[in-house]
Structure formats: structure tokens, C-alpha cells
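Okay, structure first, notes after.
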Amino acid sequence: MTEAEQPVCVIILGMAGSGKTTLVNRLTSKLYSSGPPPYVVNLDPACLEVPYPANVDIRDTVNYKEVMKQYGLGPNGAIVTCLNLFSTKFDQLLSLMKKNQGRHKYYLFDTPGQIEVFTWSASGNIITEALASTFPTVVVYVMDTVRSVNPVTFMSNMLYACSILYKSKLPFVVAMNKIDVVDHNFAVEWMRDFESFEEALDSETSYVSNLTRSMCLALEDFYKDLLVAGVSSTTGDGFDELLQKLVAAEKEFHDVY
Ligand code: GTP
């Protein structure tokens with residue numbers, strides 16, 4: 001199988017409410033209309049319903065409410081436990097995915113709402129590593145552009161993105177979502193031009209603004225080669241660019257791993 005024919009796993013991560021599920025849904029329909037259909041996996045045990053046709057759904061394997069009751073857990077503890085239970089059967093999913101090779105270009109993974117239950121849990125690690133050691137794997141970090149117009153909030157979002165890059169060590173695409181509400185150009189400008197970011201910070205007088213200035217310089221390397229696409233998961237704008245960035249991220253995977 002050539003590199004171009006090899007499937008790619010895309011793990012979709014992002015803060016609660018950033019639009020992960022809506023993005024997976026939009027990406028799924030985009031892929032359906034432009035090539036081989038994607039293989040979609042829902043890893044969020046606590047969601048009520050998913051808008052896309054999931055090939056594999058964690059809710060078919062573990063019952064979130066039952067786990068909460070049985071183990072006496074709170075919402076996040078129950079999500080982690082569901083992921084732990086699911087990860088013990090992950091080899092079965094990998095076998096299924098291998099069997100389906102050739103039929104799908106993209107395997108999409110929608111993750112739980114609270115980002116840290118995936119990125120900071122043992123099972124999240126196990127799943128990420130199992131995928132990356134079997135198929136080319138990339139991360140899409142969904143950023144809520146509307147919630148990032150404040151430079152301090154933007155910086156805290158970027159620091160989070162950077163920490164995920166460190167943790168996953170996988171090629172990384174930032175999808176600046178909700179551009180139907182706020183255009184993402186301000187954020188791209190802040191990444192490219194430190195002075196414009198400094199200007200935006202001028203109105204901030206708190207001690208964090210000084211810290212944010214220093215952080216921005218520290219993140220220069222992170223920004224330099226970062227793959228970014230502005231998208232609206234609601235209207236579908238920017239998804240051609242997102243697909244191009246996914247191809248670039250896949251290439252990065254092949255070059256580095
Ligand atoms: P959780 O997993 O539940 O934390 O959320 P999520 O990250 O999967 O986000 P979800 O897709 O549920 O979207 C959260 C809210 O943002 C919903 O009300 C969506 O309709 C809205 N939303 C998602 N994408 C967009 C977008 O591109 N534009 C606008 N205007 N709203 C969006």
C-alpha cells in the first residue's frame with residue numbers, strides 16, 4: 001500500500017463547546033461528497049446523540065449512566081472509567097480498522113467534551129499511542145475563535161494547544177472554528193506578528209498581560225510551522241483548506257515517523 005492509499009487517523013480535540021462534534025459532522029459530509037467515506041468513531045460516552053453516522057460508538061460498549069451508578073462516580077470520573085473500559089477492547093477496533101483498510105482514507109475520532117479527560121488520562125494515551133503505532137495519525141485541535149478574541153484568552157488557548165502537541169507528539173492542525181461569527185484573521189495576525197499581538201495587549205493592564213507578552217515570544221517556534229485553517233462547522237466554510245492542512249499533517253507524519 002502506497003503512502004497516498006494509507007488511511008489516516010484524525011483525533012479531534014478541543015475545549016468543551018469548541019465545536020468538535022459539529023466539525024466531525026461537517027468533515028464527514030464533506031468527505032462523503034468528495035471521495036471515500038470516512039470511518040467515524042465516537043469516543044464520547046456522555047453525549048446524548050451524535051449528528052453523524054458513527055461506524056463505532058463507545059456508547060454501544062459502555063453505559064455511562066450505569067458506570068456512574070455502579071462505581072459511585074461523578075461525571076468526569078465516569079467518562080474516564082468508560083474510556084478505560086473501552087481501551088481494554090481497543091485491539092478489536094484496530095483489527096476492524098485494519099480489515100477496512102482501502103475503503104476509507106480518514107478514520108475520524110470524536111473525543112469527550114472535557115478535553116483533559118482524554119488528553120490527561122491513561123486510556124487517552126493508550127488509544128493515541130495504539131493508533132499512532134498502527135496508522136499515520138494527526139491531531140486536529142478545535143479552537144473556539146469567538147471565545148479567543150481576547151488576547152489573554154487566546155494565549156491560554158494556544159498554551160493548551162501547545163501542551164497537547166508536547167503530550168501527543170503528533171502532527172497538529174489548529175482548526176479555528178466558528179468563523180461565521182468571528183473571522184480568524186486577527187488570530188493568524190497575532191501568531192505572525194508579535195507587535196500586533198502586543199498592541200492588542202495594550203488595553204490589558206493586569207500582571208498576566210506581561211506574562212502573556214513573554215509567553216508569546218516563547219511560543220514563536222510553536223507558531224512558526226503550525227498548520228492553521230479557519231473553518232465554520234456550521235456553514236462548511238474553510239473545509240477545503242482544512243483538508244489541505246490534513247494532507248500536510250499526514251506528510252509530516254510520514255517524514256518524521
Ligand atoms: P462538547 O463535546 O459537548 O463539549 O462540545 P463540542 O466541542 O463537541 O461542541 P459542539 O459540536 O457540541 O458545539 C457546541 C456549540 O457550538 C453548539 O451549539 C454548536 O451549534 C456550536 N457550533 C459548533 N460549530 C460552530 C460554528 O462553526 N459556528 C457557530 N456559529 N456555532 C458552532
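Scope of the values below: all heavy atoms of this structure, side chains included, with no hydrogens, waters or symmetry mates. Numbers for residues simply follow the sequence, beginning at 1. Numbering of ligands and ligand atoms starts at 1, following listing order. Predicted model, so just to flag it, every value in this text is computed and none were measured.
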* **salt_bridge(Glu220, Lys224) N-O dist < 4.0 Å** =>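 Salt bridge flag = no for Lys224 with Glu220.
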
* Which of these, Asn25, Val182, Asp180, Asp237, has its nearest heavy atom closest to atom 30 (N) of ligand 1? ->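 Nearest heavy atom to atom 30 (N) of ligand 1 lies in Asp180.
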
Nearest atoms (heavy-atom pairs only) where [X] meets [Y]:
X	Y	value
Asp44	Pro112	CG-CA, 3.6 Å
Ile115	Met15	CG2-SD, 4.1 Å
Ala78	Val67	O-CG1, 3.9 Å
His104	Pro7	O-CB, 3.6 Å
Leu13	Lys20	C-CD, 3.7 Å
Pro51	Asn25	O-OD1, 3.6 Å

Any N or O on [X] sitting closer than 3.5 Å to an N or O of ligand 1?
X	value
Val231	no
Ile179	no
Thr111	no

What atoms in ligand 1 come closer than 4.0 Å to a heavy atom of [X]?
X	result
Thr22	10 (P), 11 (O), 13 (O), 19 (C), 23 (C), 24 (N)
Ser233	24 (N), 26 (C), 27 (O)
Ala16	4 (O)

* Asked: Considering the options Thr22, Thr21, Asn177, which one meets the side-chain hydrogen bond (donor to acceptor under 3.5 Å, both in side chains) requirement together with Ser233?
  ->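 Filter result, single survivor: Asn177.
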
Any idea which protein heavy atom is nearest [atom], and the distance to it?
atom	result
atom 24 (N) of ligand 1	Asn177 ND2, 3.1 Å
atom 3 (O) of ligand 1	Gly113 CA, 4.5 Å
atom 6 (P) of ligand 1	Lys20 N, 3.4 Å
atom 16 (O) of ligand 1	Lys178 NZ, 3.2 Å

* Asked: At under 4.0 Å between heavy atoms, which part of Val181 makes contact with ligand 1: side chain, backbone, both or neither?
  ->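 Contact part for Val181 vs ligand 1: side chain (C-beta onward).
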
* **For ligand 1, the portion of Thr234 having any non-hydrogen atom under 4.0 Å away** =>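 Both backbone and side chain of Thr234 come within 4.0 Å of ligand 1.
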
* Quick check: does any side chain N or O of Lys30 sit under 3.5 Å from a backbone N or O of Asp240, one acting as donor and the other as acceptor? ->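 No.
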
* Taking the side chain from Lys245 and the backbone from Val228, do they hold a donor-acceptor pair closer than 3.5 Å? ->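 Answer holds: yes.
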
* Asked: Given the protein's heavy atoms, is any one of them under 4.0 Å from atom 22 (N) of ligand 1?
  ->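 Looking at atom 22 (N) of ligand 1, one finds that a protein heavy atom does lie closer than 4.0 Å.
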
* To do: Please state whether Gly17 comes within less than 4.0 angstrom of ligand 1, counting heavy atoms only.
  =>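 It does; at least one heavy atom falls under 4.0 Å.
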
